[in-house]
Amino acid sequence: MRVSFQDIRRGETYSRPKLAEMWKYRGFQALARGVITPKNEDVIVLFVTEEKQSFQEQYRDLLSGDTLQWEGPTDHFAEDRMTNAHASGDEIHIFHRKRHHSDFTYLGQACVIGYVDGRGGNSPSRFVFRIS
């Protein structure tokens, strides 16, 4: 089954196990990363947590209205795909939570409106997304 957003409603909350069940994954571990790119699909899914556990990398992420400021992972996974999403037809979908160990709220589809590449300085890249 394809990753579908047909039954996912903007503003509603979802756990990773619930999404894994909806998308027919064997386990929620497939959704454990902050950036998910389902195989053979034109979808990029971001799971954003503002207040992370103390032992985790402390990326600075901030949701303000329909704008999300987000630092990407230091392995720079899928950055080129995100910055080229509009041209390639990829959809970026964002799930957000204020604090770790709580469910995520589905914010909707987003587009990149700002980007600072951190690869040269071995630091996180910074993105700004507009959520629609």
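Basis for what follows: all heavy atoms, side chains included, without hydrogens, waters or symmetry-related copies.
- The closest side-chain heavy-atom distance from Ile94 to Leu68 is below 4.5 Å.
- The nearest pair of heavy atoms linking Arg81 to Asp42 is NH2-CA, 3.8 Å.
- Hydrophobic clustering (ILVMFWY, side-chain heavy atoms < 4.5 Å, transitive): Tyr59 and Val35 are in distinct clusters.
- To the nearest 0.5 Å, atoms NE2 (His100) and NZ (Lys52) are separated by 10.5 Å.
- The backbone N or O of Gly72 sits nowhere less than 3.5 Å from a side-chain atom of Glu79 that would complete a donor-acceptor pair.
- By the side-chain contact (heavy atoms from CB on, under 4.5 Å) test, Gln29 pairs with no residue at all, sequence neighbours left out.
- A heavy-atom distance below 4.5 Å is not found between the side chains of His86 and Cys111.
- Looking at heavy atoms from C-beta onward, His93 lies out of side-chain contact with Val3 at the 4.5 angstrom threshold.
- For Phe5 and Trp23, the distance between ring centers is under 6.0 angstrom.
- Within a 6.0 Å sphere centred on CZ of Arg97, other residues, nucleotides and ligands contribute more than 12 heavy atoms.
- Considering CD1 of Ile44 and CD of Gln109, their distance stands at 10.5 Å, rounded to 0.5 Å.
- Each of Leu107 and Ile8 belongs to its own hydrophobic cluster when Ile, Leu, Val, Met, Phe, Trp and Tyr are linked at side-chain heavy-atom distances under 4.5 angstrom.
- Considering NE2 of His96 and OG1 of Thr105, their distance stands at 8.0 Å, rounded to 0.5 Å.
- Side-chain contact of Thr49 with Arg99: a donor-acceptor pair under 3.5 Å is absent, judged by distance alone.
- If you take CG on Asp7 and CE on Met22, they are separated by 5.0 Å, rounding to the nearest 0.5 Å.
- Between the side chain of Glu91 and the backbone N or O of Gly89, no donor-acceptor pair lies under 3.5 Å.
- In the displayed structure, Asn122 atom CG is contacted under 6.0 Å by at most 12 heavy atoms of other residues, nucleotides or ligands.
- Inter-residue side-chain proximity for Asp66 and Arg130 is flagged as met; some heavy-atom pair is nearer than 4.5 Å.
- By the 4.5 Å heavy-atom criterion applied to side chains, His76 and Ser125 are counted as neighbours.
- Residues Tyr115 and Val128 form no side-chain contact, since every pair of their non-hydrogen atoms from C-beta on lies 4.5 Å or further apart.
- Under a hydrophobic clustering in which Ile, Leu, Val, Met, Phe, Trp and Tyr are joined whenever their side-chain heavy atoms come within less than 4.5 Å, directly or via other members, Phe129 and Val43 fall into different clusters.
- Surrounding CD of Gln6 are at most 12 heavy atoms belonging to other residues, nucleotides or ligands under 6.0 Å away.
- Phe104 places none of its side-chain heavy atoms less than 4.5 Å from the side chain of Lys18.
- At distances below 3.5 Å, not a single donor-acceptor pair connects side-chain atoms of Glu21 with backbone N or O atoms of Arg26.
- For the pair Arg10 (side chain) and Ser132 (backbone), a donor-acceptor distance under 3.5 Å is present.
- Using a 30° and 60° split on the angle between ring planes, Tyr106 and Phe95 fall in the tilted class, from 30° to 60°.
- Under a 3.5 Å cut-off, the side chain of Glu50 and the backbone N or O of Leu63 do form a donor-acceptor pair.
- Linking Ile, Leu, Val, Met, Phe, Trp and Tyr whenever their side-chain heavy atoms come within less than 4.5 Å leaves Val45 and Val48 in two separate clusters.
- Distance CZ/Arg33 to CZ/Phe77: 5.0 Å, rounded to 0.5 Å.
- With Arg16 contributing its side chain and Phe28 its backbone, the two residues share no donor-acceptor pair below 3.5 Å.
- Atom CG of Asp75 sits about 11.0 Å away from atom CZ of Arg119, to the nearest 0.5 Å.
- Judged by distance alone, with hydrogens and angles left aside, the side-chain atoms of Tyr25 form no donor-acceptor pair with the main-chain N or O of Leu19 at under 3.5 Å.
- Under the 4.5 Å side-chain heavy-atom criterion for grouping Ile, Leu, Val, Met, Phe, Trp and Tyr, Met82 is connected to Ile131 within one hydrophobic cluster.
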